[in-house]
Student: 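Below you'll find the structure I mean.
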Amino acid sequence: MRRTEYKRQQKKDNDGKKNRKIKKPIRIVFFGMLIAAISGLVIVNVFISLSDVSKLEEPVPRPTFVYDQNGKVVSEISNSKMEGVSFDRIPRELIEAVISVEDQQFYKHSGVNYFRMGRALIHNLFIGEITAGGSTITQQLTKNVFLTQERTYSRKFKELLIAKKIERTYSKEEILEHYLNQIYFGDGAWGVQRAAQIYFGKDISELSLSESATIAGLIKAPSHLSPAKNMKKSVERRNVVLSLMKSENYISQTEFDEAVGEEVVLADSTMPNYKGKYPYYIDRVIDEAINTYHLTKNEVLYGGLHIYTEINPVIQDALEEVYKDERYFPESKPDQLIQSASVFLNPQTGGISALVGGRGEYTHGRFNNATELVRQPGSALKPLAVYTPALEKGYRMSDLLLDEPINIDGYSPKNFDQKNRGHVTMYDALVHSYNIPPVSLLHQIGIKNGVRAVERFGISLEENDHTLGLALGGLDKGTSPLRMAQAFSAFANDGVMRDAHAITEIKNSEGKVLGKWREQSVTVTEPEVAQQMTYMLKGAVEEGTAEKTQISGLEVAGKTGTTQLPFSGVDGSKDHWFVGYTPDIVGAVWLGYDQTDSEHYLTSTSSFTAPPIFAQVLSRTMSELPTKKFDLALIGENIEELEKQKEKLNKKERIKEKKKRKQEKKEEKERKNKEKKEKMEKEIRHEIENWKRKWKEFKEN
């Protein structure tokens, strides 16, 4: 018995040893697998933590919108194919539609839907190639932003790592915002905002439930399901999306029925497109945003800014129309177009109302003649350099100025008509743009006073400009139409000049104010001086060199300017100017060739070219110019003095004319008497000769 028990015990011990021998490797394998799994998880998490998703920190490009003085969008600035919007602007229905059709577990998973991924893996293994992906919205975002569209397991692994990192870094709302701003919806629509604009002509915030479902349905196959290409398939897909939304309890049966019954109405293809409108004005806006408000060019082009400006669309449209009509410009040479630029601003605010910087087709980065041009202003500078400082020195517009040949240190200016009148009033000298009187006057008041005056008006001068030639606008370099318009605005604003500007305010995409215009003004001269200048410049329009600027029912003041050719032997000019104003607007117009040479120059004077352009713009914008007459209340006595001086000069002129006529009559009488005497003498001589001939004949017979 004991032997039997011993054998049993021995067998039991042997079996235990065998089991231990078998279990030991199993335990080793188990622990090995556990360690491997833990290590794998650690490694995967290390890879996840090392994944770089900083690219999502880059703001999605958003167009910058430019607004007119009435707060309406007039242009869109963007170099991007997509247009981003913030999450709070996306309708709830659109978000729910996208989640319903693309990733119903979006708010429950952490970037990867393992069930869908496993099912896709089995499907791929079964057919022997990668077709199904089982991607979540986070994975789709990963693929769109960080990876290529290739179908490989290595790319899929990278996708999983980055998707997990995105989920750990961003909230669900931020992920959705990035996703909806990045994906393609067909017909050139990148991002949901562009999709809403292209398909329905709406801002994304205005989409209906039906429209939201239609857009969400495009994600699967945007080109195939586009309502613009296949309305039937697009509607069917929309209905699928709505059905899924109902199944997910996002909408009720009633909402479903209403949305399904709603007709899909696409936007009119002729809907307004603000991109590229008013390019020269927008150039100025961009320049100001960068140079005045210290924004970067990328911030302006892609930052989704809202820039409010002084542009008056009525005046800007009128200016654009005039510049498209060749009838208002001289005929150009075949190989080079006569260029021109105009700028109009509000003298009370300095706000630029309208601006065109050139003729012909606009190209990106083109030279803006309205703001960047540097040309001699010619006689248009006379009011700034001579007549204003002279009035400030106590001269009056009724004072007589010398109009006789002069030579001051070798400088001998000539009047355009090559005539001299002895003495003329300051008024007549300016109105008719005589050259000798302002040169003589500048010499009397001192060149320094003329230089200081021009610089007070905001026009920079070179050292070489400190000469008597300043009186005629013969600058070493010159100035721009914008600077000239700003300078003359002081006359329209009783001597106060406000800095010209296009921008009034800049906000970012969230509505935060980034910059706001702060009024900057300088008192250039006294109100009485400004009103005297206005009266004289009004005379230049009514009876002088700027007569072609006259507009019925509206008082206009202004000055023409013509510059000489840089070579001799040709009758023509290099630049034509007109700078003028009404009580409500001031503008400058310039014409000339980019490259002036013996074949390319202007053949007339500025009186025939620049003023009509100015007049055309104003005549088309009368509704924007309510003040028809200038307020000249401060210079009543000055006007009376001028009238008396005119009457005195007229009286002298009449006496002179009477004497002249008397002298001419006397000379005529003397001439007639002389002719009569000569005739009688001739007749007598003829008679004598006749008698001589007869006497000779008598003697011979």
Side-chain angles (χ1 to χ4, degrees), residues 340-345 347 369-371 373-390 413 415-416 426 429-435 437-439 441-442 450-451 453-461 465 468-492 497 500 524-525 530 533-534 536-541 544-549 556-564 573-582 585-592 602 604-615:
S340 180
S342 294
V343 58
F344 290 82
L345 55 85
N369 289 300
T371 59
L373 181 80
V374 178
R375 291 286 183 99
Q376 295 180 353
S379 294
L381 197 69
K382 291 175 182 176
L384 314 180
V386 181
Y387 296 117
T388 293
N415 290 329
F416 181 77
M426 182 189 293
L430 177 55
V431 166
H432 300 291
S433 199
Y434 301 141
N435 289 335
V439 172
L441 184 56
L442 181 60
V451 169
V454 173
E455 291 179 339
R456 281 205 317 271
F457 278 106
I459 296 174
S460 299
L461 297 176
D465 297 327
L468 288 175
L470 179 68
L472 307 182
L475 306 184
D476 185 53
K477 290 185 179 179
T479 190
S480 68
L482 179 61
R483 289 293 180 188
M484 290 298 289
Q486 177 182 278
F488 271 62
S489 70
F491 299 140
M497 182 181 74
V524 177
T525 190
M533 288 304 309
T534 293
M536 290 191 289
L537 292 169
K538 186 164 72 79
V541 172
T545 58
E547 284 184 312
K548 291 188 179 297
T549 321
V556 179
K559 183 71 186 74
T560 56
T562 304
T563 65
Q564 294 179 342
S573 49
K574 181 181 179 183
D575 303 284
H576 288 177
W577 290 81
F578 177 74
V579 190
Y581 56 97
T582 76
I585 195 170
V586 55
V589 180
W590 165 84
L591 293 94
L602 302 172
S604 64
T605 65
S606 57
S607 300
F608 298 96
T609 58
I613 295 172
F614 182 93

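What you see is a predicted model; the values in this text were computed from it and never measured.
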Student: To the nearest 0.5 angstrom, please state how far the OG atom of Ser342 sits from the CG atom of Asn369.
Tutor: 10.5 Å
Student: Using every non-hydrogen atom in the two residues, find where Ala370 and Ala341 come nearest and quote the distance to one decimal.
Tutor: N-CB, 3.5 Å
Student: Please report the closest heavy-atom contact between Trp577 and Ala610, naming both atoms and the distance.
Tutor: C-CB, 3.7 Å
Student: Minimum heavy-atom separation for Val431 to Met536, with atom names?
Tutor: CG2-O, 3.5 Å
Student: Who pairs with Asp575 by salt bridge (charged side-chain N to carboxylate O under 4.0 Å, His left out), at least two apart in sequence or on another chain?
Tutor: Arg375
Student: For residues Pro383 and Met533, report the shortest heavy-atom separation together with the two atoms involved.
Tutor: CB-CE, 3.4 Å
Student: Step through the shown structure and confirm whether more than 12 heavy atoms of other residues, nucleotides or ligands are within 6.0 Å of CD on Gln564.
Tutor: no
Student: Check the pair Asp465, Val454 against side-chain contact (heavy atoms from CB on, under 4.5 Å), reporting the backbone distance first and the verdict last.
Tutor: CA-CA 11 Å; Asp465 297 327; Val454 173; over 6 Å; no
Student: Restricting to side-chain contact (heavy atoms from CB on, under 4.5 Å), what partner residues turn up for Ser573, sequence neighbours left out?
Tutor: Thr562, His576, Leu602
Student: With side-chain hydrogen bond (donor to acceptor under 3.5 Å, both in side chains) as the test, would you mind laying out the steps for Ser433 and Lys559 before giving the verdict?
Tutor: CA-CA 9 Å; Ser433 199; Lys559 183 71 186 74; 2.9 Å; yes
Student: Taking ring pair (Phe, Tyr, Trp, His ring centres under 6.0 Å) as the test, write out the residues that go with Phe488, two or more places apart.
Tutor: Phe491
Student: Taking only residues two or more places apart in sequence or in another chain, which ones pass ring pair (Phe, Tyr, Trp, His ring centres under 6.0 Å) with Tyr434?
Tutor: His432
Student: Which pair of non-hydrogen atoms, one from Pro481 and one from Leu373, has the smallest distance, and what is that distance?
Tutor: CD-CD2, 3.9 Å
Student: Can you list everything that forms a side-chain contact (heavy atoms from CB on, under 4.5 Å) with Glu455? Sequence neighbours excluded, please.
Tutor: Val451, Leu461
Student: Main chain of Ala530, side chain of Thr534: is a donor-acceptor contact present, judged purely on distance under 3.5 Å?
Tutor: yes
Student: Starting at NZ of Lys477, measure out to OG of Ser460 and round the result to the nearest 0.5 Å.
Tutor: 10.0 Å
Student: To the nearest 0.5 Å, what is the distance between OG1 (Thr545) and CZ (Phe608)?
Tutor: 10.5 Å
Student: What's the separation between atom CG in Asn435 and atom NZ in Lys382, rounded to the nearest 0.5 Å?
Tutor: 4.0 Å
Student: Using the side-chain contact (heavy atoms from CB on, under 4.5 Å) criterion, which residues pair with Ala546? Sequence neighbours excluded.
Tutor: Val541, Thr549, Thr560, Phe578
Student: So, does Ser606 use its side chain to make a donor-acceptor pair with the main chain of Gly561 at under 3.5 Å?
Tutor: yes
Student: How far does CG of Leu472 sit from CD of Gln376, to the nearest 0.5 angstrom?
Tutor: 10.5 Å
Student: Carefully, step by step, assess Phe416 and Thr605 under the rule side-chain contact (heavy atoms from CB on, under 4.5 Å).
Tutor: CA-CA 10 Å; Phe416 181 77; Thr605 65; 3.4 Å; yes
Student: Any non-hydrogen side-chain atom of Tyr581 less than 4.5 Å from a side-chain atom of Ser489?
Tutor: no
Student: On a heavy-atom basis, which atom in Leu475 and which in Pro377 lie closest, and how many Å separate them?
Tutor: CD1-CD, 3.8 Å
Student: To the nearest 0.5 Å, what is the distance between CG on Leu381 and CZ on Phe457?
Tutor: 9.5 Å
Student: Report the C-alpha distance between Ile459 and Gln486 in whole Å, list the side-chain angles of each, state the deciding distance to 0.1 Å, and finish with yes or no for side-chain contact (heavy atoms from CB on, under 4.5 Å).
Tutor: CA-CA 9 Å; Ile459 296 174; Gln486 177 182 278; over 6 Å; no
